[in-house]
Amino acid sequence: MVEIVNVVASGALDAELDLERLADDIGEPVARYDPEKYPGMYLRFEEDAPLITVYRTGKFIITGADSEEESYSFRERFLNLFSDMDVIERPENKWFSIQNYVCTAELGQNLNLNALVISLGLEKTEYEPEQFPGLIYRPDNGNCVILVFATGKVVITGSKQTADAECCFADFKNSVYKTL
DNA sequence: TTGGAGGCTTCTTATATATTGTGGTGAT
DNA sequence: ATCACCACAATATATAAGAAGCCTCCAA
């Protein structure tokens, strides 16, 4: 069972933005803008909701959603806000797509990571417990990276589609069970 | 000299370790 | 009152991806 814990998506608006003015109009705490610190303006509609980072060029990213649907619904709220403010005109047809899924999964048993380095292949793994407790596995057919922990818990990240993450985990699971 | 390439900044999220820091409590 | 000590919290470490803007470095 692969569970999505974070979705990163990006898109663009057909407009150049005056972030200073927008941040003033929207106000805190929904809008946060500190160009000295970072060039993007942050928008967060409510506590614990996904974060929307908006740039001068009109490009934006949405992080912290836990499903594709949530990403799209927050994009809608964002576009509605900007059209209500007459910043953009609807419909907004510029691109928007999911860039990264971060997922978790469990193998259901403890693992010997030192042994796993050998069975998964030295060239595909990195494991330096003094630096970080997780084993980093990069499948060569994969479009994802897997972090493996001694508890059997796993993080799959870097996929642009949930099916890819599920595939990666299924392959990984097979490799692990083969060597047990 | 200039431009391009690369690396860093910010943020999100799960995961798990070590380390640093802070606060409180007990004893002197 | 002041110091030792313990508990807990926060931060660092690492991963992916997007974005803009700054930096450094190297080549033409």
Side-chain angles (χ1 to χ4, degrees), chain A residues 1-20 22-23 29-68 70-72 74-75 78 94-114 116-117 120 124-140 142-169 172-173 176:
Chain A
M1 179 66 197
V2 171
E3 188 190 350
I4 302 167
V5 294
N6 182 29
V7 179
V8 180
S10 62
L13 302 175
D14 194 14
E16 174 107 5
L17 307 173
D18 179 350
L19 297 180
E20 196 77 51
L22 284 169
V30 172
R32 282 185 294 137
Y33 180 51
D34 183 1
E36 303 277 305
K37 196 178 173 194
Y38 191 69
M41 172 181 69
Y42 300 117
L43 290 181
R44 178 171 265 142
F45 292 120
E46 59 251 353
E47 219 177 321
D48 297 322
L51 179 73
I52 304 173
T53 311
V54 191
Y55 300 90
R56 193 207 73 236
T57 57
K59 291 187 178 178
F60 64 95
I61 63 181
I62 301 179
T63 55
D66 49 25
S67 67
E68 177 180 353
E70 197 183 21
S71 279
Y72 275 84
F74 272 85
R75 178 211 188 208
F78 168 56
K94 284 269 185 174
W95 61 277
F96 181 71
S97 61
I98 306 296
Q99 301 295 345
N100 181 25
Y101 281 103
V102 183
C103 307
T104 55
E106 279 185 52
L107 283 169
Q109 60 188 294
N110 291 345
L111 299 169
N112 178 340
L113 298 184
N114 287 307
L116 202 55
V117 168
L120 289 175
K124 300 175 202 166
T125 59
E126 285 175 52
Y127 179 47
E128 289 174 60
E130 288 176 19
Q131 191 175 48
F132 186 70
L135 180 156
I136 298 149
Y137 175 51
R138 298 169 200 274
D140 37 30
N143 26 35
C144 73
V145 171
I146 301 181
L147 308 185
V148 192
F149 299 88
T151 57
K153 291 189 179 181
V154 164
V155 176
I156 305 121
T157 186
S159 303
K160 283 193 154 57
Q161 294 181 324
T162 50
D164 290 338
E166 280 160 14
C167 252
C168 275
F169 180 63
F172 166 74
K173 211 167 159 184
V176 173

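In the text below, chain A, chain B and the rest are named by the order of the sequence lines, each starting its count at 1.
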Worksheet item: For the helix from B:dT1-C:dA28 to B:dT28-C:dA1, how many degrees between its two end axes (five pairs per end), to the nearest 10°?
Response: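 If I round to tens, the end axes sit 60° apart.
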Worksheet item: Given the rule in the side-chain contact (heavy atoms from CB on, under 4.5 Å) test, do A:Leu135 and A:Leu120 qualify, once you have shown the distances and angles that lead to the verdict?
Response: CA-CA 11 Å; A:Leu135 180 156; A:Leu120 289 175; 4.2 Å; yes
Side-chain N or O of [X] versus OP1/OP2 of [N]: is the shortest distance under 4.0 Å?
| X | N | answer |
| --- | --- | --- |
| A:Arg44 | B:dT12 | yes |
| A:Lys37 | C:dG21 | no |
| A:Thr53 | C:dA19 | no |
| A:Thr63 | C:dG18 | no |
| A:Arg56 | C:dG21 | yes |

Within this structure, what is the [atom1]-to-[atom2] distance between [X] and [N], rounded to whole angstrom?
| X | N | atom1 | atom2 | answer |
| --- | --- | --- | --- | --- |
| A:Asn112 | B:dA16 | CG | P | 16 Å |
| A:Leu51 | B:dT10 | CG | C1' | 9 Å |
| A:Ile52 | C:dG18 | CD1 | C1' | 14 Å |
| A:Glu128 | B:dT15 | CD | P | 23 Å |
| A:Tyr55 | B:dT9 | OH | P | 14 Å |
| A:Phe169 | C:dA16 | CZ | P | 19 Å |
| A:Asn6 | C:dA17 | CG | P | 13 Å |
| A:Leu111 | B:dT15 | CG | C1' | 13 Å |

Minimum heavy-atom distance [X]-[Y], with the two atoms named:
| X | Y | result |
| --- | --- | --- |
| A:Ser67 | A:Val7 | N-CG2, 3.7 Å |
| A:Tyr55 | A:Leu17 | O-CD1, 3.5 Å |
| A:Ile62 | A:Phe74 | CD1-C, 4.2 Å |
| A:Ser10 | A:Gln99 | OG-NE2, 2.9 Å |
| A:Met41 | A:Ala31 | SD-CB, 4.5 Å |

Worksheet item: Ring centroid separation for A:Phe45 and A:Phe78, is it under 6.0 angstrom?
Response: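 Between A:Phe45 and A:Phe78, the centre distance exceeds or equals 6.0 Å.
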Worksheet item: Under 4.5 Å between any side-chain heavy atoms of A:Ile156 and A:Phe172, yes or no?
Response: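 Sidechains of A:Phe172 and A:Ile156: no contact.
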Fill in: Closest-nucleotide 5' rank along DNA chain B - winner of A:Pro39 and A:Val5
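Of the two residues, A:Pro39 wins.
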Practice prompt. Using atom types as modelled and distance alone, determine if a side-chain donor or acceptor of A:Arg44 lies under 3.5 Å from a backbone N or O of A:Pro29.
Written response: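 Looks like no, no N/O pair under 3.5 Å.
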Worksheet item: Which one, B:dT15, C:dA20, C:dG18, comes nearest to the side chain of A:Tyr38?
Response: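 My answer, after comparing the listed nucleotides, is C:dA20.
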Discussion item. Need one value for A:Thr151: base, sugar-phosphate or nothing, where a base atom within 4.0 Å counts as base even if backbone is also close, heavy atoms only.
Written reply: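 The answer is sugar-phosphate, as A:Thr151 gets under 4.0 Å only of primed atoms, P, OP1 or OP2.
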Report each atom pair, protein N/O against N/O of nucleotides 11-15 of chain C, whose distance is under 3.5 angstrom.
unit_1, atom_1, unit_2, atom_2, d
C:dA14, OP1, A:Gln131, NE2, 3.3

Discussion item. Angle between ring planes, A:Phe132 versus A:Phe149, binned at 30° and 60°: parallel, tilted or perpendicular?
Written reply: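 Aromatic pair A:Phe132/A:Phe149 classed perpendicular.
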